[in-house]
Colleague: 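The structure's right below; bear with me while I get my questions together.
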Amino acid sequence: MKLSALGEFGLIEKIRKLAAGSSPSVLIGIGDDAAALKITASASLLATTDMLIEGVHFDLAYTDFYSLGWKSAAANLSDIAAMGGTPRFCLTSLGIPPTASVEQLSEFYRGLNVLLEAHRTALVGGDTCSSPRGMTVCVTLLGEIERKNVISRGGAKPGDRIFVTGTLGDSAAGLEILRSEVRRQTSEVRNKESKSEIRNPRSAIAKLVQKHLRPEPRVAWGRKLALSRCAHAMIDVSDGLSSDLGHICGQSGTGAVIEAGNIPLSLPLRKTAAYLSKPPLPYALSGGEDYELLFTVPPAKIKKLLSLGLPAAEIGEITATRTMMIRDGEGRLTELRPTGYNHFARVPRRKAF
Ligand code: ADP
Ligand code: MG
């Protein structure tokens with residue numbers, strides 16, 4: 001059977017079924033942002049790992065090594081944030097191509113360490129190998145959380161309200177700009193794009209590119225949500241709203257209705273989408289790597305949530321029927337399919353930063 005028949009998430013599900021070593025200490029195993037593992041009666045260890053491959057997740061034509069280090073840390077810190085935990089320890093494993101220099105790798109660790117230090121996380125190990133071609137980065141993050149405060153993807157209940165922090169779609173638009181910049185430099189699209197009648201919104205573009213290359217993991221906000229015990233379910237938006245909401249619904253056995261008009265879109269995204277002559281919403285629905293937190297809150301806890309003062313927007317409701325729907329400005333409901341990134345999908349979109 002070809003991998004494309006299963007897709008990334010079907011394959012992970014298969015691996016989950018084959019997984020060895022079930023143990024009562026595994027509170028949450030394969031299928032969430034991080035595993036939650038019982039270490040004492042009251043504390044859990046959180047463990048997550050993410051691999052970034054040159055040509056799949058990043059392109060060195062527009063990614064400096066400092067940003068690569070930063071983003072490798074951010075993706076993993078974000079998974080700890082999505083469980084409501086505190087990051088503690090980091091391991092980095094590198095496959096290094098012959099083209100890489102010592103200076104570039106120093107920059108990588110400078111970017112990684114700035115973010116780790118900001119989150120009081122220590123680099124404690126890893127592995128170093130040569131790679132015949134292309135750079136591979138694998139970062140593992142260990143964190144901790146009080147057992148009772150863990151927020152999984154699977155706890156959403158019908159009637160819960162759906163919230164998301166920050167704004168969505170900025171990172172995907174930033175990526176598109178970076179790629180088009182590379183194409184422009186190779187003159188492929190120079191003529192076409194110079195015809196745009198809207199003036200190049202330079203500062204808006206810079207903000208989107210920044211969000212793409214140097215995302216801020218929402219660790220403090222995840223912690224607040226965990227300690228307040230407002231949220232039934234949570235995930236970080238790494239694959240795009242439609243896919244990540246799909247993970248919450250899939251794990252919780254629910255569906256959802258999203259109000260398109262309530263999805264938070266930044267002004268830089270709106271301006272840049274207009275410049276690119278594209279609607280802004282698909283960047284939020286299908287574009288990944290925003291690393292915002294998507295979570296569900298029962299109506300009785302909304303007041304408590306609001307008292308936390310998080311920059312979060314209410315975007316919809318969890319439903320009992322297991323389909324995801326989106327309502328447009330005219331009140332029309334259509335099915336919301338997961339259209340975010342999927343490795344091994346039949347027509348994989350290239351993910352890069
Ligand atoms: P995220 O986007 O939050 O990083 P992923 O979609 O990468 O999450 O992974 C979802 C779940 O599947 C996680 O629990 C992860 O640990 C698990 N997983 C992914 N690939 C594998 C694998 N090859 N073996 C075991 N578990 C895996
Ligand atoms: Mg995640």
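Indexing begins at 1, ligand by ligand and atom by atom, following the structure's order.
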Colleague: Under 4.0 Å from a heavy atom of Ser238: which atoms of ligand 1 are those, numbered in the order shown and with their elements?
Modeller: 2 (O)

Colleague: Taking all atoms of both residues into account, what is the closest heavy-atom pair of Gly134 and Glu54, and its distance?
Modeller: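 In this case the closest contact between Gly134 and Glu54 is CA-OE1, 3.3 Å.
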
Colleague: If I consider every N, O or S atom in Asp79, which one ends up closest to the Mg ion (ligand 2)? I only need its name.
Modeller: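 Nearest to the Mg ion (ligand 2) within Asp79's N, O and S set: OD1.
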
Colleague: Can a donor-acceptor pair be found, under 3.5 Å and without considering hydrogens, that links the side chain of Gln251 to the backbone of Gly31?
Modeller: yes

Colleague: So, is Asp244 placed with an N/O/S atom under 2.8 Å from the Mg ion (ligand 2), counting both backbone and side chain?
Modeller: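 Checking Asp244: none of its N, O or S atoms is under 2.8 Å.
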
Colleague: Determine the interplanar angle of the His247 and Phe9 rings, folded into 0 to 90°, and report it as parallel if under 30°, tilted if 30 to 60°, perpendicular if over 60°.
Modeller: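 Answer is perpendicular, since the angle exceeds 60°.
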
Colleague: Could you list which atoms of ligand 1 come closer than 4.0 Å to a heavy atom of Phe9?
Modeller: 6 (O)

Colleague: Which of the numbered atoms in ligand 1 are under 4.0 angstrom from any heavy atom belonging to Asp33?
Modeller: 3 (O)

Colleague: Kindly state if atom 6 (O) of ligand 1 has a protein heavy atom within a strict 4.0 Å cut-off, that is, under 4.0 Å?
Modeller: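 Flag for atom 6 (O) of ligand 1 set to true, protein heavy atom closer than 4.0 Å.
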
Colleague: Atom 21 (C) of ligand 1: protein heavy atom closer than 4.0 Å?
Modeller: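 There is no protein heavy atom less than 4.0 Å from atom 21 (C) of ligand 1.
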
Colleague: Under 4.0 angstrom from ligand 1, any heavy atom of Met51?
Modeller: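 The answer is no: ligand 1 sits nowhere under 4.0 Å from a heavy atom of Met51.
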
Colleague: Hey, does the side chain of Arg223 reach the backbone of Gly84 with a donor-acceptor pair shorter than 3.5 angstrom?
Modeller: yes

Colleague: Is Arg110 paired with Glu107 through a side-chain N to carboxylate O contact shorter than 4.0 Å?
Modeller: yes

Colleague: Determine, for Lys148 against Glu146, whether the closest basic-nitrogen to carboxylate-oxygen distance falls under 4.0 angstrom.
Modeller: no

Colleague: With the Mg ion (ligand 2) as the point of reference, which N/O/S atom of Asp33 is the closest?
Modeller: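 Answer by atom name: OD1.
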
Colleague: Can you list the atoms of ligand 1 that are under 4.0 Å from a heavy atom of Arg153?
Modeller: 1 (P), 3 (O), 8 (O)

Colleague: Lys157 side chain to Thr296 main-chain N or O, any donor-acceptor pair under 3.5 Å?
Modeller: no

Colleague: What do we get for Ile15 next to ligand 1 when only non-hydrogen atoms under 4.0 Å count, side chain, backbone, both or neither?
Modeller: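 Side chain only; the backbone of Ile15 stays clear of ligand 1.
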
Colleague: Relative to ligand 1, is Thr49 under 4.0 angstrom through side chain, backbone, both or neither, heavy atoms considered?
Modeller: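 Looking at Thr49 and ligand 1, no heavy atom falls under 4.0 Å.
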
Colleague: Okay, side chain of Ser307, backbone of Lys304: is any donor-acceptor separation there less than 3.5 Å?
Modeller: yes

Colleague: How close does the nearest protein non-hydrogen atom get to atom 4 (O) of ligand 1, and which residue and atom is it?
Modeller: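 The answer is Asp79 OD2, 3.1 Å.
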
Colleague: Any chance you could measure Leu91, atom CG, to Leu123, atom CG, to the nearest 0.5 Å?
Modeller: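 The CG atom of Leu123 is 7.0 Å from CG of Leu91, to the nearest 0.5 Å.
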
Colleague: Measure from the Mg ion (ligand 2) to every N/O/S atom of Asp236 and report the name of the nearest one.
Modeller: OD1

Colleague: How close does the nearest protein non-hydrogen atom get to atom 11 (C) of ligand 1, and which residue and atom is it?
Modeller: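 Here the nearest protein heavy atom works out to Gly31 N, 3.5 Å.
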
Colleague: Output yes when a side-chain donor or acceptor of Asp59 lies under 3.5 Å from a complementary backbone atom of Tyr62, and no otherwise.
Modeller: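 Such a contact is absent between Asp59 side chain and Tyr62 backbone.
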
